[in-house]
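First comes the structure, then the notes that go with it.
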Amino acid sequence: MLNVVIFGAPGSGKGTQSERIIEEYGLFHISTGDVLREQIARGTELGKTADSYISKGQLIPDELMVNILAHVLDSHEESKKGVIFDGFPRTIAQAEALTRMLAERNAQVDVVLGLEVEEKELIDRLLKRGQVSGRSDDNMETIQKRLDVYHNQTKPLKDFYQKEKKYRAIQGMGSVDDIFESIKSVISEL
């Protein structure tokens with residue numbers, strides 16, 4: 001079993017690299033963003049609650065996210081082979097909750113792949129994605145709020161996972177293939 005957290009600011013390439021990791025290693029993919037967007041599109045109560053935070057560029061409350069993840073893990077047998085967590089955890093409290101939740105399932109986070117990208121590049125990527133995909137949260141005002149939240153609440157996770165010796169920095173600028181080669185070399189060390 002291999003459990004991977006893919007970590008980085010909005011626009012760092014987490015989704016793109018997650019797809020490559022899934023294809024290469026056969027991991028079960030949990031993208032909290034995808035789960036939440038699906039709930040929003042279906043108009044569920046969870047979706048409405050989530051949208052009230054997301055539309056303002058805020059993070060979903062920790063307890064709600066951990067409960068969602070536990071449900072997804074427990075309802076997909078293929079998660080037993082290993083999981084890539086994309087977009088979670090985003091706070092130290094979530095990281096601690098993830099550790100506890102995985103321990104209850106006799107598992108752990110094996111590696112945190114930190115995609116490191118310059119801020120100007122992040123903004124350019126997100127604005128371009130908004131034009132292509134039509135995602136309503138990829139506009140300058142919301143992007144800036146999301147980056148502020150990342151710097152204030154999420155970035156401290158880097159230190160948290162470095163202390164646990166699980167964080168591996170990945171240069172997130174360059175070609176998708178070059179970035180993926182860096183990821184594969186880290187995973188092969190495990």
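Values below: all heavy atoms of this structure, side chains included; hydrogens, waters and symmetry mates excluded.
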Working for side chain to side chain contact (heavy atoms under 4.5 Å, CB included), residues Leu126 and Ile123:
CA-CA 5 Å; Leu126 291 167; Ile123 292 169; 5.8 Å; no
Working note: Gln153 + Thr91, criterion side-chain hydrogen bond (donor to acceptor under 3.5 Å, both in side chains); need CA distance, chi angles, decisive distance, verdict.
CA-CA 6 Å; Gln153 296 180 35; Thr91 65; over 6 Å; no
Dump the intermediate steps for salt bridge (charged side-chain N to carboxylate O under 4.0 Å, His left out) on Asp124 and Lys120, then the final yes or no.
CA-CA 6 Å; Asp124 290 346; Lys120 182 186 179 320; 3.0 Å; yes
Test side chain to side chain contact (heavy atoms under 4.5 Å, CB included) on Met65 and Thr32; report intermediate values, then the result.
CA-CA 8 Å; Met65 279 312 315; Thr32 54; 3.2 Å; yes
Tell me, with the steps shown, if Phe7 and Lys14 meet side chain to side chain contact (heavy atoms under 4.5 Å, CB included).
CA-CA 7 Å; Phe7 177 81; Lys14 295 182 300 290; 5.7 Å; no
Should Gln162 and Lys158 be marked as a side chain to side chain contact (heavy atoms under 4.5 Å, CB included) after you check the CA-CA gap, both sets of side-chain angles, and the distance that decides it?
CA-CA 6 Å; Gln162 282 176 324; Lys158 179 177 177 178; 3.7 Å; yes
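Considering all non-hydrogen atoms of both residues, Leu69 and Met101 come closest at CB-CE, 4.1 Å. Considering all non-hydrogen atoms of both residues, Phe160 and Ala95 come closest at CE2-CB, 3.5 Å. For the pair Gly47 and Ile40, the tightest heavy-atom approach, listed with the atom from each and the gap, is O-CG1, 3.2 Å. Shown here for Ser79 and Met1, the closest heavy-atom pair between the two residues is O-CE, 3.9 Å.
For Asp62 and Arg90, the salt-bridge test fails: no basic side-chain N is under 4.0 Å from an acidic carboxylate O. Using a 4.0 Å cut-off between charged nitrogen and carboxylate oxygen, Asp51 and Lys48 do not count as a salt-bridge pair. A salt bridge is absent between Glu104 and Arg100: the closest approach of a Lys/Arg side-chain nitrogen to an acidic carboxylate oxygen does not fall below 4.0 angstrom. Here Glu23 does not pair with Arg20 in a salt bridge; the nearest charged N to carboxylate O distance is not below 4.0 Å.
Considering OH of Tyr167 and CG of Asp159, their distance stands at 9.5 Å, rounded to 0.5 Å. With values rounded to the nearest 0.5 angstrom, Ile60 atom CD1 is found 5.0 Å from Leu36 atom CG. Between the OG atom in Ser18 and the CZ atom in Phe85 there is a gap of 11.5 Å [rounded to 0.5 Å]. Distance check, rounded to the nearest 0.5 Å: NZ of Lys56 to OG1 of Thr142 gives 12.0 Å. To the nearest 0.5 Å, the span separating CD on Gln58 from OG on Ser52 amounts to 8.0 Å. Atom CD of Gln94 and atom OG1 of Thr99 lie 11.5 Å apart (nearest 0.5 Å).
Looking at heavy atoms from C-beta onward, Leu147 lies in side-chain contact with Leu122 at the 4.5 angstrom threshold. Ile6 is listed as a side-chain neighbour of Ile84, based on a closest heavy-atom distance under 4.5 Å. Two residues are said to be in side-chain contact when any heavy atoms from C-beta on lie closer than 4.5 Å; Leu73 and Ile30 meet this criterion. Counting only heavy atoms from C-beta outward, the side chains of Val111 and Tyr161 never approach each other to under 4.5 Å. Side-chain contact between Glu119 and His151 is present, with at least one heavy-atom pair separated by less than 4.5 Å. Taking the side chain as every heavy atom from C-beta outward, Val5 and Leu98 approach each other to under 4.5 Å. Gln171 places none of its side-chain heavy atoms less than 4.5 Å from the side chain of Ile179. Two residues are said to be in side-chain contact when any heavy atoms from C-beta on lie closer than 4.5 Å; Leu115 and Gln17 meet this criterion.
No donor-acceptor pair closer than 3.5 Å links the side chain of Asp178 to the backbone N or O of Gly174. Remark: the backbone N or O of Ser182 is paired with a side-chain donor or acceptor of Ser185 at under 3.5 angstrom. With hydrogens and angles disregarded, a donor-acceptor distance shorter than 3.5 Å links the side chain of Arg125 to the backbone of Gly11.
Hydrophobic clustering of Ile, Leu, Val, Met, Phe, Trp and Tyr side chains at less than 4.5 Å, counting indirect connections, keeps Phe28 apart from Val4. A continuous path of Ile, Leu, Val, Met, Phe, Trp and Tyr side chains, each step under 4.5 Å between heavy atoms, connects Leu190 with Leu113, placing both in one hydrophobic cluster. Under the 4.5 Å side-chain heavy-atom criterion for Ile, Leu, Val, Met, Phe, Trp and Tyr, Val109 and Val72 are members of the same hydrophobic cluster. Following chains of ILVMFWY side-chain contacts shorter than 4.5 Å, one cannot reach Val83 starting from Ile22, and the two form parts of different hydrophobic clusters. The hydrophobic clustering, which links ILVMFWY residues whose side-chain heavy atoms are closer than 4.5 Å, places Leu27 and Val35 apart.
Few gaps surround NZ on Lys166; more than 12 heavy atoms of other groups in view lie less than 6.0 Å from it. Heavy-atom neighbours of Glu118 CD from other residues, nucleotides or ligands within 6.0 Å: at or below the threshold of 12. Other residues, nucleotides and ligands place more than 12 heavy atoms under 6.0 Å from the NE2 atom of His76. Counting heavy atoms of neighbouring residues, nucleotides and ligands inside a 6.0 Å radius, atom CZ of Arg146 exceeds 12 of them.
Evaluation of the salt bridge (Lys or Arg N to Asp or Glu O under 4.0 Å) test over residues 63-89, restricted to residues two or more places apart or in two chains, returns Asp74-Arg105.
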